[in-house]
Amino acid sequence: MLKTILNINFRRLCRILTVCAALASSASLSYSADVIILGNEKLKPVTDVVEAINETINYKTVILTPEDVKDNLDDVFYKEDAKVVVALGKGALKVARSLPDTIPVVYGLIINRQKMERRNITGVYMATPVREYISYLNRYFPDIKKVGIICEPGTWDLQDAPVKTPKVELYSATNSYEFIEGINLLGEKVDALLLLPERNLMSRKAIEKVYIYSFKERTPVIGISEKYVKTGSLFSLGFDLTDMGKQIGEMIHNVVLWGNAYGIPQSPPSKYNLYINKKTGDTMRVAIPPELLTKAKKVYQ
Amino acid sequence: MNLFIDKINQLIANTASKYVTTLRHKILFVAVSGLILASIVYTFAALRAERAIMKEEIIKKAEVVGALSSHIGELPLISKNPEHIKKAMSSLMNIPEVSFVVFYNEQAEQLIMEGDITPPSREHPVEEMSIIERPDYFDLCTPVFSAKPGEDIDIFQETDESREEKEHVGWVRIGFTKSIMKEAEKTIIYRGLFIAIVFTLISIIFVFKLFTVATRPLTRLSRAAQSVSKGRYPEIQITSKDEIGTLTTEFNRMSRTIRDREDMLLNRMQLSAFVADIGIALTQSESLQTILQRCADLTNHHFSTALARIWTYDKEKDMLRLNASSGIYTLADSPHNNLPVGKFQAGAVARDLKPVYSNVIDDLNEDDKGWAEQNRIRAFAGYPLIVENRLVGVMEMFSRKPFAEDIFNTLEIVANAIALGIQHKLVEKQIKSSLSEKELLLREIHHRVKNNMQVISSLLNFQTRHIKDPRYVEMFNDSQNRIKSMALIHEKIYRSGSLAHIDFKDYVRSLSSELFRFYGIDESRITLTLDIEGTAFEIDTAIPCGLLINELLTNALKHGFPDNRQGEVKVILRNTDINGNTGYELIVSDNGIGIPEDLDIRNTKSLGMNLIATLAEHQLQGTLSLNRNSRTEFLVRFKKLKYKQRV
């Protein structure tokens, strides 16, 4: 009991001290860190990633809320004499993008690869490359000959698939309405629908429509993460936040070591976790190989 | 507002005063007014409540439809395709309450609109669903969002929905008609009217019934009051102890009081009438017995007695004489008409000189008890008739019903009146008796005077036979005639009904006949014309006037028609006016030879002429004139002499 209380108090104390330190450093613009991490600490994925980063590197880090430093992040960076800025999340990356190119930026918790309109930036994006799914389909689901993909044109690199089957049926959509229209157009033309994490397309209504379509047409949906598998996707290849944090930490280490992010490519997660919904497979009469089931981190029955 | 209320109050007051007259109408007026007011209030309250409920329901429905429209409109607005928007719009327009639908894009620009009403443009786009109430519809405006993951990581992991990012894609504006609300209002108003009418009718019936039951005692009182006004005095049975019971008690008391007072008044009136009748009876110029019998009849009738009697007291014989009896015995068949004082009840009253009154038969005199029991007599009353401490009679009554308490008062009044009446009649009898005696005496005197004059006249006649000289004979004859004329007056007086006056016409006729006979004149030769108006002279006037006519006629008969001449003698006596007083005009005329022109009737040696002048001017105090024109006419004007008290 006493231990619990002490533990809680300790945690609370640490948090208060951290916040006070952050506030004090923000107020006085006097930091003392090699790595400035921008992110919303209230989000658990951010804290998980930050924790993994800290376990990976020996640099002094400081976490700042993007809103607090959106106007003076470069001043903070110089005064702190930091080496790199880590942007975790869309908002953080937006603030970090405003920094001059001389300041290396590493991003994380971003869906997809970023277009290189700003140099000296690298990071780990969350979207599993299409080729990974194609490879899995080719290897474990030979009956799926044609897979449909609805995405914004030019966003995804669909040409680097290592195999020719299943064949990708591509539909372009710029909003959720077109996404749903695309689903309606798919009909029985494809054997499976590969969902890609498109924020513009994947409104709640669009997701609902996807599952309605899937169960109506007995066309399995594949992707995007454990959340979707749990809801009804056949399987997904999802990243692990700790692994991603470590991957970002290694990337930070390289950037600090080299002094910039040039030459360090943006990369997807280096490791995936396989989640399978066996019930969906049974419903869709899609045979799931046993070895796949053994590889899966979690199988939903 | 106050003016309006005042006018309404005035209208109600005028209507009430004009048409609401009875208590029932007033209660109905109040009840119906109250019910109508209550129904109006109820209807308005229900209308207000129903309006609020309907409004709330419409708003709830609008919120549901708003959420639905947001759901339906999301994708069409995202697509910006008019066809898709129209499709979504038609599905919204299928909702019955929706009168129009407008879709706006994210810049609040109107994309498309459909409906019967063209709504005014909304100035500021709303961030949340809003409803504005307009006269004919509710204006609902719903922003349409597309829910997307807030952070990129949220695409992959299960996160809280609050972290979802809502992308504003446009607005849907929907008009909800108030027709349903208005229909509901109409229904409420009709229902309110129906309830008001039904409740008013029911309440009218109820109030009528209730009022009839509640006012039944009042109605009985009202009828009883009407009976009182018609002279009947009923008493109402008291059925409750409330205010109406108290009122009924007081009414009964009032009715009894009025009845008693009216009875008393009636008794007094009857008594007054009775006493007046007694008074009238007593003042009649009839015999005492007749008067007393009438009094007995009136008493019997007034007191409803079995027997009413009036006795008069004969002091000399010390007895009571029955003068009147009414009831079971009349005067004729009464067993006792004379009673010694002290005998029977009437005799006891006369002896004791005290009134007796009892409703107990044992109190009756022993002499009357047997008779009273036989005739079922139960009450009796006797009263002595006393005037100036003298007993004049006894009044007694026997009744088969008990006498009232106040009979003594009545009896005293009546007894006193009858006593006075008896006294009056007795005195009158005495006076009449005295007058009769005096009249008889006076006639005797006149008769003796006349006889004495007749003796004188006879003596003169005897004397005349021994006188040779015709002049003396004539003188004796004249004197004899003069005495006869006076004797004739006395004869006429004692023969007439009245001793005070003489029928002068009859007298003149007798006198003239006597003179014609005395002078041996045939009436065919000298015609006598008498024109005497009906006149009655007292003796003071009659004697000189008779002597005057005697002298004038004698003169005319002796001297006017010598040598058996024919002619006419006329005697006229008529009423005339002398200096504003009643007077007489005596004219004695003849158409004989006439009186010489040189004869002065006042200066002549003729005894007759001297007598004429003396009688006319001194005795009668009149005027004498002689007219010698065509006829010889003596005119005497005189007034009736006033009687001079000589004794």
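Just so it is clear, the structure is predicted and the values come from calculations on it, not from any experiment. Chain letters run A, B, ... following the sequence lines, proteins first, then strands; residues in each count from 1. Computation of the quantities below employed the complete heavy-atom set of this structure, encompassing side-chain atoms and omitting hydrogens, waters and symmetry-equivalent molecules.
- In this structure, chain B has no heavy atom under 4.5 Å from any part of A:K44.
- Atoms CD and OG, on B:E74 and A:S176 in that order, are 6.0 Å from each other to the nearest 0.5 Å.
- Note that the CG atom of B:N81 and the CD atom of A:E181 stand 8.5 Å from one another [nearest 0.5 Å].
- One finds the CD1 atom of B:I155 at 7.0 Å from the CE atom of A:M202 (value rounded to the nearest 0.5 Å).
- Proximity of A:I110 to B:I153: side-chain heavy atoms (C-beta onward) are nowhere separated by under 4.5 Å.
- A side-chain contact (heavy atoms from CB on, under 4.5 Å) with B:I78 holds for exactly one of A:T174, A:N175, A:I180, A:N200; it is A:N175.
- Here the straight-line distance linking atom NE2 of B:H84 with atom OH of A:Y177 works out to 2.5 Å at 0.5 Å rounding.
- Within a 6.0 Å sphere centred on NZ of B:K86, other residues, nucleotides and ligands contribute 12 heavy atoms or fewer.
- Distance alone, capped at 3.5 Å, is enough to place a donor-acceptor pair between the A:K227 side chain and the B:D154 backbone.
- Between A:F239 and B:F156, the two ring planes are perpendicular [angle over 60°; tilted spans 30° to 60°].
- A donor-acceptor pair under 3.5 Å is formed between the side chain of A:R199 and the backbone N or O of B:P149.
- Contact of A:L43 with chain B is made through the side chain alone, with heavy-atom distances under 4.5 Å.
- Residues A:P45 and B:Q157 meet the side-chain proximity criterion, which asks for heavy atoms closer than 4.5 Å.
- Residue A:K246 qualifies as open at atom NZ: its count of foreign heavy atoms under 6.0 Å is 12 or below.
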